[in-house]
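Here the structure is laid out as structure tokens; the discussion comes afterwards.
None of these values were measured; they are calculated from a predicted model.
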Amino acid sequence: MKTQILILTLLMLVPALWSHGENRPQTARPKPVGTAMARLARQGSATQLVVDGRPMLMLAGELSNSSATSREDIAGWMPRMESMGLNTVLVPAQWDLIEPEEGKYDFSLIDEVIRQAETHHLKVVFLWFGAWKNSMSCYAPLWFKQDVKRFPRAMNAQGKPLEIASAFSENVFQADNKVFGRLVQHIKETDQRHSVVMLQVENEIGMLEDARDHSPLAEQEYRKTVPPSLVKYLNQVQGTHLKEGRTWAETFGTDRYADEKFMTYHYARYVERLAQTAKSIYPLPLYVNAAMNSRGRQPGEYPSAGPLAHLKDIWHQAAPSISMLAPDLYDKGFKSWVSRYALPDNPLFIPEVRYGDYSGARAMYVFGQYDCLGYSPFSIDNPPSQASRNLTSAYALLRQLMPRLLQAQGSDKPTKWGVLLDQTSRDTVMADGDVVMKCSHSYTLPWGSHPDEWPETGALILKLGKNDYLIAGSGVVTVFKHQSELSQDEKRQLGEDGFALDGTSPSETSTTRRWKGHRIGLGTVDEVTIDDNGQLQYVRRLNGDQNHQGRHVDLGDWRILHVKLYEY
């Protein structure tokens, strides 16, 4: 009897217990903890950023300078960064807010950035706005700025003090180094999920108004001999025949560019000491960024002695703990500037680029053409609507392509290519063995009406195997031809219907000459997506009008196409 009563009691309790479990607030599933601190690793000739144990491309954006100065600001923009498709956000870490009183530190904004990044599945690159930001010492705290005797300023050749702390002052360095070290230590102790993947040391370092500092401390160094280690290094990598034991003026001369070399070495040594402090505490990858020497300006008219391409050898010798010199790109000639930094001895990372309608096209180009670690439009929190759409569309494609792109990096044979086109550069030609790919701006097609000003369009091409390619991007038309076909082709103008214009029939010579060789045809052109396992997922077959009856591959607006070729 007692047993029966016990069973009945349990049966009555089960529904109640079950109901109680259903109505109980569900505990959120914990986010996975990062497996390890971010690091750089080599794959073939490429350098990759390894995050949580796997390589990652930074699909990034940099905040405007004042967007992380309150908790409300951070909480406002961080969800938008996730919705725009970023996986990394570049955020200022500002000396004046971290150490408003000497020796008293406030890391609450740093903590909020990390917390919000974890919530919104983003990685963080902190930008140290310490002694210098865009050359100036505007982010140094007031107690530092006011004490010019203890923390002296740089001077121009006329002795005018500048709003630039002198890199030759040990007091300046010690104050900067102390708070920077505290920041790195705090990140090490509090960033348990490894959200912070890289640090920028200072920001667009460089002298303005003059090519070098002429303060008394700087003049003392200028009169000394050039360090033998620098002389040996430059002779080795540049093939020069500089002699040791000579002063800076005796070694390099006395013009602006000679002064810039002197200043470069001492800025780089200052940065190297900061880098050594960081690495001794928590060795995250470190980089420095550069304002470009553009528009025909001379040293001092642009930030002299920054990590510029023509000064890279001095930076590499004097600051070996810095992993990359990174360009901030705002001027015309994007492809030319990028090529100066994508070098065997300098991994390409673009931490700042002007944000515009072309941002998505440029992202496709740099990840396709180079083994690029990351791309980051500036003022990402204040985007024009069209620019935001284009970048989000590009990043959505790049997320799908990321595993295949990373696998292709560092290969000794080209397996990927980048395309960037505009009104002045309407097409480009690339070869993959016997397969020649001519990519043209979509506005070159003879049908349809186009505005007077052409937008930049971009794409990347990724080889999957023989006669097998992925093409991703927007506004690019690709024609595939065999090498043997090129020399025998006659150019003809097409009309709006896609056929030859009147009076452009083949010449008499071409009709009597015997054609030899092979041709390339479009086997299939499929629009696809790529799932989380890297598998291609069929969307639709493109044929007929969509590939001009087998003549070309037209990307259209932000998609991935799987192209299989055949020869005949």
More than 12 heavy atoms of other groups within 6.0 Å of E244 CD: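 More than 12 within 6.0 Å, yes.
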Within a 6.0 Å radius of atom CG on D532, are there more than 12 heavy atoms belonging to other residues, nucleotides or ligands?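 Result for CG/D532: open.
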[atom1]/[X] to [atom2]/[Y] distance, rounded to the nearest 0.5 angstrom?
X	Y	atom1	atom2	value
I187	I114	CD1	CD1	5.5 Å
D176	N171	CG	CG	12.5 Å
L183	F126	CG	CZ	7.0 Å
I98	Y105	CD1	OH	10.0 Å
K123	T88	NZ	OG1	8.5 Å
L109	Q94	CG	CD	8.0 Å

[X] side chain vs [Y] backbone, donor-acceptor pair below 3.5 Å:
X	Y	result
Q43	L406	yes
T392	S388	yes
W143	E99	yes
S304	P299	no
S64	S379	no
D191	V196	yes
N289	E204	yes
E352	D328	no
K145	C138	yes
S137	A131	yes

Side chain proximity check, [X] to [Y], heavy atoms < 4.5 angstrom:
X	Y	value
L398	L57	no
Q317	Y265	yes
F367	C372	yes
Q369	L420	no
W337	S294	yes
P351	F349	yes
Y375	S359	yes
Q298	Y257	yes

Before accepting this row, confirm whether a basic side-chain N of the pair K224/E221 lies closer than 4.0 Å to the acidic partner's carboxylate O.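 The answer is yes: the pair qualifies as a salt bridge.
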By salt bridge (Lys or Arg N to Asp or Glu O under 4.0 Å), which residues pair with K133, not counting sequence neighbours?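 Expected list: none.
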Check against side chain to side chain contact (heavy atoms under 4.5 Å, CB included), L63 and L90: CA-CA 6 Å; L63 297 179; L90 279 62; over 6 Å; no
Indicate the atoms forming the closest heavy-atom contact of [X] with [Y], along with that distance.
X	Y	value
A60	Y395	O-OH, 2.7 Å
P161	R153	CB-CB, 4.3 Å
L325	P307	CD2-CB, 3.9 Å
F252	A258	O-CB, 3.3 Å
L308	E260	CD1-OE2, 4.0 Å
E202	W132	OE1-N, 3.0 Å

List the steps, then state whether side chain to side chain contact (heavy atoms under 4.5 Å, CB included) holds for M207 with L162. CA-CA 10 Å; M207 271 290 294; L162 307 173; 3.9 Å; yes
Taking the ring centre of each residue, are Y302 and Y330 less than 6.0 Å apart?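 Centroid separation for Y302 and Y330: 6.0 Å or greater.
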Are Y270 and H266 close enough that their ring centres sit under 6.0 Å apart?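 When the ring centroids of Y270 and H266 are compared, they turn out to be at least 6.0 Å apart.
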So M37 and R39, side chain to side chain contact (heavy atoms under 4.5 Å, CB included) or not? Walk me through it. CA-CA 6 Å; M37 175 182 64; R39 60 185 176 85; 5.8 Å; no
Can S108 and D106 be counted as having a side-chain donor-acceptor contact under 3.5 angstrom?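 Side chains of S108 and D106: pair found under 3.5 Å.
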Residues T47, R42; criterion side chain to side chain donor-acceptor pair (under 3.5 Å); working and verdict: CA-CA 5 Å; T47 297; R42 297 286 290 181; 2.9 Å; yes
Give me the ring orientation class for H186 and F107: parallel if the planes are under 30° apart, tilted from 30 to 60°, perpendicular past 60°.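 The arrangement is parallel - the two ring planes meet at less than 30°.
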Please state whether the rings of W128 and F180 are parallel, tilted or perpendicular, taking 30° and 60° as the class boundaries.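 Correct class here is tilted.
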Show the numbers, then the answer: is there a side chain to side chain contact (heavy atoms under 4.5 Å, CB included) between M78 and T119? CA-CA 9 Å; M78 193 71 87; T119 300; over 6 Å; no
Mind running salt bridge (charged side-chain N to carboxylate O under 4.0 Å, His left out) on K178 and E102 for me, showing each step along the way? CA-CA 10 Å; K178 183 178 180 181; E102 187 171 6; over 6 Å; no
Side-chain donor-acceptor distances from residues 278-286 under 3.5 Å, at least two apart:
from, atom 1, to, atom 2, distance (Å)
S280, OG, Q276, O, 3.4
S280, OG, T277, O, 2.7
Y282, OH, H194, ND1, 3.4

Which residue pairs pass the salt bridge (Lys or Arg N to Asp or Glu O under 4.0 Å) test with at least one member in residues 66-91, sequence neighbours excluded?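 Pairs touching residues 66-91 that pass the test: R71-E112.
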